[in-house]
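Contents: one structure, followed by commentary.
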2 protein chains.
Amino acid sequence: MGRTSDAKERLMAAISELIWIGSYGSTTIDQICDKAGVKKGSFYYFFGSKSELAVAAIEAEFCARRAELDAIFSPMVPPLERIIRLCDSGCARQVELKEKFGQVLGCPLFTLGSEICTQDNGLREKIQEVLDCHQRYIASAVREAHAAGLIEAPDAAAKARMLTAYFEGVLTQARILNSLEVLKEIPEGVLSILGAKRQSLVPS
Amino acid sequence: MGRTSDAKERLMAAISELIWIGSYGSTTIDQICDKAGVKKGSFYYFFGSKSELAVAAIEAEFCARRAELDAIFSPMVPPLERIIRLCDSGCARQVELKEKFGQVLGCPLFTLGSEICTQDNGLREKIQEVLDCHQRYIASAVREAHAAGLIEAPDAAAKARMLTAYFEGVLTQARILNSLEVLKEIPEGVLSILGAKRQSLVPS
DNA sequence: CCGGTAGTTTACTAAATAGTCAACTATCGG
DNA sequence: CCGATAGTTGACTATTTAGTAAACTACCGG
């Protein structure tokens with residue numbers, strides 16, 4: 001059925017990287033097209049605007065992300081370890097990215113969300129959706145840990161909000177400082193927020 | 001000594017508000033000039049660029065902020081209460097701003113820092129300086145509280161980092177969600193991070 | 001192998017934006 | 001009240017940017 005293309009995918013990859021390395025406001029459609037090796041005409045063939053492309057890119061990444069989350073939050077893994085694994089994988093990702101781009105980049109959703117939330121409600125809602133989903137995974141692990149008597153957390157959703165506020169806060173600090181140093185305190189910080197009793201975690 | 005003017009101050013006020021309401025990348029020099037009631041020629045008479053103006057604006061606000069901090073962190077106030085007061089004043093500010101602008105705006109430095117840190121090192125450094133200063137105030141209170149046996153926090157700087165990561169994280173969540181709701185959990189969250197023993201705080 | 005469809009390209013317009021400059025004006029000190 | 005100084009103005013240029021349109025091309029199904 002006509003000509004085939006992966007230009008759409010290349011555009012999504014390009015905007016993700018550009019936003020992450022720089023910012024949403026400072027990346028132009030021309031830049032996105034250059035990086036994707038796509039002409040502007042094609043850009044507008046697929047997407048109506050930068051905002052629309054960004055939403056599509058987040059959606060696409062979220063699909064892949066879901067598989068990762070399901071692996072990390074496998075019921076086979078003890079609940080508190082799931083949360084620790086989530087943090088570890090997040091930190092490991094920061095290390096890779098620093099390697100690749102020479103910069104600590106933090107959480108793209110949090111950074112982007114805080115940049116554009118007052119200006120682009122469509123994007124804001126999509127970001128909120130993805131962030132919410134992460135919190136729900138965390139809340140479920142918290143609930144389970146509480147039920148198992150590993151921690152005291154009657155309000156699992158509130159605990160999940162607190163954990164993500166802290167975690168995203170540290171990632172953003174790391175981005176601003178351009179330093180991986182602060183990330184090292186995360187496991188300790190997360191456990192202390194969880195109020196984990198010593199040895200409620202299987203030693204890894 | 002020639003003609004007098006407060007255009008400089010008006011420009012600084014204008015960029016602050018525009019960045020806060022929107023973002024750094026999306027505010028143009030023309031917009032800043034309009035809001036300040038200043039012609040572009042005058043803008044360039046005072047400042048070499050948007051970045052330079054932003055640095056000046058942060059610097060100026062920081063001067064005023066120092067007085068507030070000194071009041072909040074008065075040695076007359078018990079150390080843990082200083083931290084609680086800092087949080088309360090921060091939250092109260094969010095309520096005012098929501099009133100005024102119809103939006104929750106979060107912390108301008110954190111939002112701006114995470115937006116521009118990879119692109120403008122001068123701005124980044126200035127933001128880092130101000131954020132660091134806040135952390136030092138907090139660390140001093142933590143140190144004192146630890147010395148007084150109110151909390152267990154041998155590494156005051158680390159505790160201060162953790163508190164700010166959490167606090168800024170919640171403020172950013174509030175901005176993204178455009179909701180004051182999440183802020184209500186802050187006092188509780190901060191106290192739990194501090195590991196405050198019950199009644200180590202004088203009841204207000 | 002051909003026709004329609006999906007995707008590409010180039011060249012274009014209009015608007016927004018950064019930045020410059022020389023002429024102008026108000027104000028302070030003397 | 002005058003002259004130097006500090007600040008203002010508007011009109012300008014050059015670029016960058018978003019967005020459009022019409023001709024072109026590759027590919028799949030029949």
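Lettering of chains follows the sequences in order, A, B, ..., and the numbering in each one begins at 1. For the numbers below, each heavy atom of this structure counts, side chains included, while hydrogens, waters and symmetry mates do not.
Classification of A:Glu96 and A:Arg93 as a salt-bridged pair fails, no side-chain N sitting under 4.0 Å from a carboxylate O. Using a 4.0 Å cut-off between charged side-chain N and carboxylate O, A:Arg85 and A:Glu81 make a salt bridge.
Rounded to a whole Å, the CG atom of A:Asp6 is 11 Å from the P atom of C:dG7. One interatomic measurement links the two molecules: NZ of A:Lys39 to P of C:dT10, which rounds to 5 Å at whole-angstrom precision. What separates CG of B:Asp30 from C1' of D:dA11 is a distance of 14 Å, to the nearest Å. Atom pair B:Phe43:CZ and D:dG7:P shows a separation of 16 Å (rounding to whole Å applied). Taking atom CG on B:Leu53 and atom P on C:dG19, their separation rounds to 13 Å, with Å as the unit. Counting to the nearest Å, the P atom of D:dT15 and the CD1 atom of A:Ile29 are 22 Å from each other. The nearest whole Å value for the distance from the CZ atom in A:Phe47 to the C1' atom in D:dA18 is 17 Å. For B:Tyr45 and C:dA22, the OH to P distance is 16 Å, given to the nearest whole Å.
Distance from the side chain of A:Lys40 is smallest to D:dA18 among D:dA18, C:dA18, D:dT8. Among the nucleotides D:dA18, C:dA18, D:dT8, the one closest to any side-chain atom of B:Ser42 is D:dT8. Comparing C:dG7, D:dA18, C:dA18 against the side chain of A:Tyr44 picks out D:dA18 as the nearest. In this structure, of C:dT8, C:dA18, D:dT8, it is D:dT8 that holds the atom nearest to the side chain of B:Phe46.
A donor-acceptor contact under 3.5 Å is not formed by the side chain of B:Arg3 with the base of D:dT5.
Residues B:Thr28 and B:Gly2 each lie close to DNA chain C; by heavy-atom proximity, the contact nearer the 5' end of the strand is made by B:Thr28.
For the pair A:Met12 and A:Phe47, the minimum side-chain heavy-atom distance is below 4.5 Å. A:Phe46 has its side chain out of reach of A:Glu52: every pair of non-hydrogen atoms, C-beta onward, lies at least 4.5 Å apart.
The ring of A:Tyr166 has its center no closer than 6.0 angstrom to the ring center of B:Tyr166.
Taking only side-chain nitrogens and oxygens, A:Ser5 comes nearer than 4.0 Å to OP1 or OP2 of C:dT8.
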